[in-house]
Enquirer: 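Starting off with a structure, shown below.
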Amino acid sequence: MTSAGPSRLRVAASRVLLENWRGSYTVPAGGLYPHQWSWDSAFIAIGLRHLSPRRAQQELDTILSAQWDDGRLPQIVFHSGRDDGYSPGATFWRSAEITGTPPVATAGLIQAPNHALASLLVHESDPQESRRRRFLERAYPRLVRWHDYLREHRAGPDGLARIIHPWESGMDNSTFWDAPLAAIEDSYAESIPRPDLLHADPGHRPSNDEYGKYLYLAARYRAHGCDDSDDAHPFQLEDPAVNALWARSEQALEQIAALIGEDPEPHRERAAEITRALESLWSTELDAYVARDARTGALQQFRTVSGLVPLLVPGLAHAEQLLDQLAGPHFRLGEVAMVPSHDLAAPTFDSARYWRGPSWFNTAWLLAVALNDRGHGAESSALAAHMDELALAQDFPEYVDPYTGEARGTRRFSWTAALSLDLAEREGASR
Ligand code: 2M8
């Protein structure tokens, strides 16, 4: 039992989720992120299901309704059609000028595919209500098209999906992207807007140099009409977490298909294919899954939390090594706050700067679920309890310093509220 206690947490988390609810979707945080983000929405729905399964369904319905004709689910949906102090916003992307885009304004990039997993969990929270509203019947064809998009437009011959921008990984300034970004000589030619710095300490955010590359890559993709057939695109990376979430979501699709009388078999096969392909990201040098530059073949030799996320995937070849790694000197599970985003022992570790060290609640949730699935219930519960305490004590921070547990980034962050609530409810139900 945590000192936070599920009921106090439930009240406080619901307040954050209510405050950030915008009628049909939830913003990650009012000031810093005033729109709907793709993988945030799926994480948020996982928590919302404990407050209102119907609202959780709506959250997913809304993100799925922003699907492009080619099947992609956009990184951001700009429901207001305005920038609202976020950059790059609707005016940068001008999605309405691209054929095959939805009526609502969106970004052209994508984020990691955690939506089928979220849809299944939302269904399971109230199967009767879900069946009555035909939630899965509505979600399934869209989720299939989303995964088809990844297979047809993003997967290379090795079967792994490529991201074409650091933002697509959701771990924007991970060290995985350092060398690929450094190899790009160009940077954004116009002045670089940083409205994010009005809401968060510059030392907790990516640097201006990184933003120059981010905007350059986004502008280049936009200039090509967000068409994936541009082979010369200078950033094409295969990320372990993106592909592990894809594999795990493909398994969720297998279960969803069986629930609604569709054929589960193709999903089972695809999940197995992605799981096999993931093994090519194993670094024998580090005993870790790492990202690979699909253009050069170079493995990016860093231990990051992304490389631990494959623990979520059943049938993984190196699960035992990953469990050792999680408990060992690089991530120190149980000794530091949650799970750091970057190797604590590496010179590149930075306890404050975004995805280069701080501990995040979404990755802690993924690992708590993976530990539990793998029969490490005690470690999973301890991680969940720690996560809930930190979330409640510090007003649901975006991320925390792994050593001090001190809040970093913005506060009243939606997925922190949603996922800590989800773990508290799971722990409560299992007592
Ligand atoms: C962060 O990324 C956005 C760009 O997508 C940003 O920095 O402006 C990341 O933490 C990402 O994982 C998250 O989805 C997004 C919204 O919470 O913020």
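As the structure lists them, so they are numbered: ligands from 1, and atoms in each ligand from 1.
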Enquirer: For residues 321-329, please give each side-chain donor-acceptor pair under 3.5 Å, one per line with the distance, not counting sequence neighbours.
Expert:
residue	atom	partner	partner atom	Å
Gln325	OE1	Arg303	NE	3.1
Gln325	NE2	Asp287	O	2.7

Enquirer: Need the list: ligand 1 N/O atoms against protein N/O atoms, distance under 3.5 Å, rounded to one decimal.
Expert:
residue	atom	partner	partner atom	Å
ligand 1	2 (O)	Asp172	OD2	2.9
ligand 1	5 (O)	Trp37	NE1	3.0
ligand 1	5 (O)	Gln75	NE2	2.9
ligand 1	7 (O)	Asp172	OD2	2.9
ligand 1	7 (O)	Arg205	NH2	3.1
ligand 1	7 (O)	Tyr354	OH	2.7
ligand 1	8 (O)	Tyr86	OH	2.5
ligand 1	10 (O)	Trp355	NE1	3.2
ligand 1	12 (O)	Trp39	NE1	3.1
ligand 1	12 (O)	Gly170	O	2.5
ligand 1	14 (O)	Trp39	NE1	3.0
ligand 1	14 (O)	Asp40	OD1	2.5
ligand 1	14 (O)	Gln111	NE2	2.9
ligand 1	17 (O)	Asp40	OD2	2.7

Enquirer: Would you say the side chain of Ser174 lies within less than 4.5 Å of the side chain of Arg356, judging by non-hydrogen atoms?
Expert: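 Answer no - side chains too far apart.
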Enquirer: Distance under 6.0 Å and angle within 45° of the ring axis: does Arg55 meet both against Trp21?
Expert: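 Output yes; distance and angle both within limits.
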Enquirer: By side-chain contact (heavy atoms from CB on, under 4.5 Å), which residues pair with Ala407, not counting sequence neighbours?
Expert: Gln394, Pro397, Arg411
Enquirer: Answer whether the closest heavy-atom distance between the side chains of Trp167 and Leu217 falls below 4.5 Å.
Expert: no
Enquirer: Determine which pairs satisfy side chain to side chain donor-acceptor pair (under 3.5 Å) with at least one residue from residues 360-374, sequence neighbours left out, and list them in order.
Expert: Arg248-Asp373, Trp365-Asp422
